[in-house]
Amino acid sequence: MLRALAPSARGSFWLDDVTAHAHPVLDADVSCDLAVVGGGYTGLWTALLAKEAEPDARVVLIEARTVGWAASGRNGGFCEASLTHGEDNGRSRFADEYDQLERLGIQNLDEIEATVAKLALDCDFERNGAIDVATEQHQVEWLRDAAGAAGTRFLDADAVRAQIASPTYLAGLLHSHDSALVHPGKLALELARACTDAGVEIFEHTRVAALDASAPTLTDGVDVRTADGPIVHAHRVALGTNVFPSLLKRNRLATVPVYDYVLMTEPLSEAQLASIGWSGRQGIGDCANQFHYYRLSADNRILFGGYDAIYHYGGRVRARYEERPATFERLTSHFFTTFPQLEDVTFTHRWAGAIDTCSRFCAFFGTARAGRIAYATGYTGLGVGATRFGAQVMLDLLAGEQTERTELKMVQSRPIPFPAEPLASIGIQATRWSLDRADHNAGKRNLILKTLDAFGLGFDS
Ligand SMILES: Cc1cc2nc3c(=O)[nH]c(=O)nc-3n(C[C@H](O)[C@H](O)[C@H](O)COP(=O)(O)OP(=O)(O)OC[C@H]3O[C@@H](n4cnc5c(N)ncnc54)[C@H](O)[C@@H]3O)c2cc1C
């Protein structure tokens, strides 16, 4: 097992697999119609959609490091329609509007697919669907109950193993149209390319330190102050800063960083690939609370991630949290349990990323400083597709427009914040322990989980 992990290098395969185009550092004051903070998917979609809507607007995007270096360049690449972190979570929180959210989510995924085609975004987009797999007996009934929803099909043990040969599978639920796969690093860089083609000015290695709306240079605007001095005088500001310390005090306790870990194999040989089948190339996730997700890349590597979701006391984003030998060894062991026929395969990359977890498990939105600043964050590990929707919401809010999106309860409400330390840490560790117990006890939820469920609270990656 350790033999397989030994050759792996630390760092995202997706970022290793691309050649980034460098953008300049902001070295002088600028004025613009829209300043976007953050060069992940949220910021990039916001800038691109703003330019599409108003080609003459001056749009400036400011990124503290490099485009796509954070979650957007490290994720599993599951581009899902769900805006609510799955149907159960969505229905339990937004029962009255869930069908509408589902429709808007499919529309969002369709529009991502159309944009990829229209702008020729080279990002290995494959709309292959996904399979939820049951690896414990109690999960089989969950999948049987969930089957019947539009675009889903129950697969018994033989049927699911005929798709992907794993001895651990007891059943599956095939989702045929609400999920795609992308190369996350390519998607980020291609969105940046589309932004610059559309006239967006991107600045890298430029950290925003403060937003000042008290005496702005532009009437009714915001002075976006960078750490190194230059100021962006903006009419409106969109924040796509995800899990990093919010520039708005009100959002500081709304999300916590939860570390998620990922392995990438070497490309499989034809014989190795044949031994597992997987000709449908669907994204796979198991049904446990502490779940694994895995998929094929375009060059037939397997990305295998999830299970451990680690919160560190103090809730900070730190590079040193990305190395966690015990977690990588556990993932390696789970990989070979899932695919024992791949015993010769080795891993080339191992990495981790911080997930912007909020207590309702799906994004929240809002404005500050009399509607001049908008934010979208809290995707809780399902933002590859949903960030485009978040970008649209921010642009609606900044325009002061009433749209179908801004009327949603999901858009108008906010999650309950996490408590300050030490309570955050105590609560999150107790919840993790309870979720692990539920996974090993036929899914039965203990008092802690039932109480959190009753208050609509929780913790997830
Ligand atoms: C390991 C892992 C696996 C995941 N797998 C999936 C998956 O398969 N499917 C899925 O849907 N989601 C997945 N996610 C979640 C998904 O990656 C995120 O929801 C999404 O990338 C969020 O995009 P973003 O632009 O909001 O944030 P980010 O990509 O984190 O970008 C935020 C950017 O803001 C910049 N920034 C922050 N503060 C400042 C500042 N003050 N000044 C300037 N710049 C600033 C940062 O440098 C960063 O580049 C995963 C996440 C991780 C970590």
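Note that the structure is predicted; figures quoted are calculated from it, not measured. First listed ligand is number 1; within each ligand, the first listed atom is number 1.
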[atom] - nearest protein heavy atom and its distance:
atom: atom 23 (O) of ligand 1; result: Ser72 OG, 3.3 Å
atom: atom 43 (C) of ligand 1; result: Ala64 N, 3.3 Å
atom: atom 32 (C) of ligand 1; result: Gly240 O, 3.3 Å
atom: atom 19 (O) of ligand 1; result: Gly383 CA, 3.1 Å
atom: atom 10 (C) of ligand 1; result: Val384 CG2, 3.2 Å
atom: atom 28 (P) of ligand 1; result: Asn242 ND2, 3.6 Å
atom: atom 35 (C) of ligand 1; result: Glu63 OE1, 3.3 Å
atom: atom 4 (C) of ligand 1; result: Asn75 CB, 3.1 Å

Report task. Using the six-membered ring of Trp45, assess whether NZ or CZ of Arg388 lies under 6.0 Å from its centre and within 45 degrees of the ring axis. Result ->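 Judged by the rule, Arg388 and Trp45 form a cation-pi pair.
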Report task. Please say whether the positively charged group of Arg93, taken as NZ for Lys or CZ for Arg, lies over the ring of Phe361, i.e. under 6.0 angstrom from the six-membered ring centre and within 45 degrees of the axis. Result ->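 Yes, a cation-pi geometry holds between Arg93 and Phe361.
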Requested in this report: Evaluate ring-ring contact (aromatic ring centres under 6.0 Å, His included) for His175 paired with His177, printing each intermediate quantity in order.
Outcome: CA-CA 6 Å; His175 300 255; His177 73 296; 8.9 Å; no
**Report entry** Reported CZ-to-CZ distance for the pair Phe389 and Phe365, which is rounded to 0.5 angstrom
**Finding:**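 Between Phe389 CZ and Phe365 CZ, I get 5.5 Å after rounding to 0.5 Å.
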Query raised in the report: Roughly how far, to the nearest 0.5 Å, is CD1 of Ile276 from CG of Leu342?
Result: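 If we round to the nearest 0.5 Å, Leu342:CG and Ile276:CD1 are 5.0 Å apart.
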Query raised in the report: Pick one: which of Phe328, Phe339, Phe335 meets ring-ring contact (aromatic ring centres under 6.0 Å, His included) with Phe304?
Result: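 So, applying the ring-ring contact (aromatic ring centres under 6.0 Å, His included) to Phe304 and each of Phe328, Phe339, Phe335, only Phe335 qualifies.
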Query raised in the report: Counting from 1, what ligand 1 atoms have a heavy atom of Tyr379 closer than 4.0 Å?
Result: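 It comes down to these atoms of ligand 1: 19 (O).
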Using heavy atoms and a 4.0 Å limit, tell me yes or no: is [X] in contact with ligand 1?
X: Tyr293; answer: yes
X: Gly305; answer: no
X: Glu80; answer: no

**Report entry** Option with minimal heavy-atom separation from atom 36 (N) of ligand 1, where the choices are Thr241, Val208, Thr206
**Finding:**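 Answer by nearest heavy atom: Thr241.
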**Report entry** Heavy-atom nearest option to atom 51 (C) of ligand 1, drawn from Leu247, Ile355, Leu303, Val262
**Finding:**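 Result: the heavy atom closest to atom 51 (C) of ligand 1 is in Ile355.
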Sub-3.5 Å N/O-N/O distance, [X] and ligand 1:
X: Ala354; result: no
X: Phe78; result: yes
X: Thr42; result: yes
X: Thr387; result: no
X: Gly76; result: yes
X: Arg65; result: no

Query raised in the report: In terms of ring plane angle, is the pair His349 and Trp351 parallel, tilted or perpendicular, where the classes change at 30° and 60°?
Result: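 Judged by the thresholds at 30° and 60°, the geometry between His349 and Trp351 is perpendicular.
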Query raised in the report: Where do Asp260 and Tyr293 land on the side chain to side chain contact (heavy atoms under 4.5 Å, CB included) test, with the steps shown first?
Result: CA-CA 11 Å; Asp260 194 38; Tyr293 54 89; 2.6 Å; yes
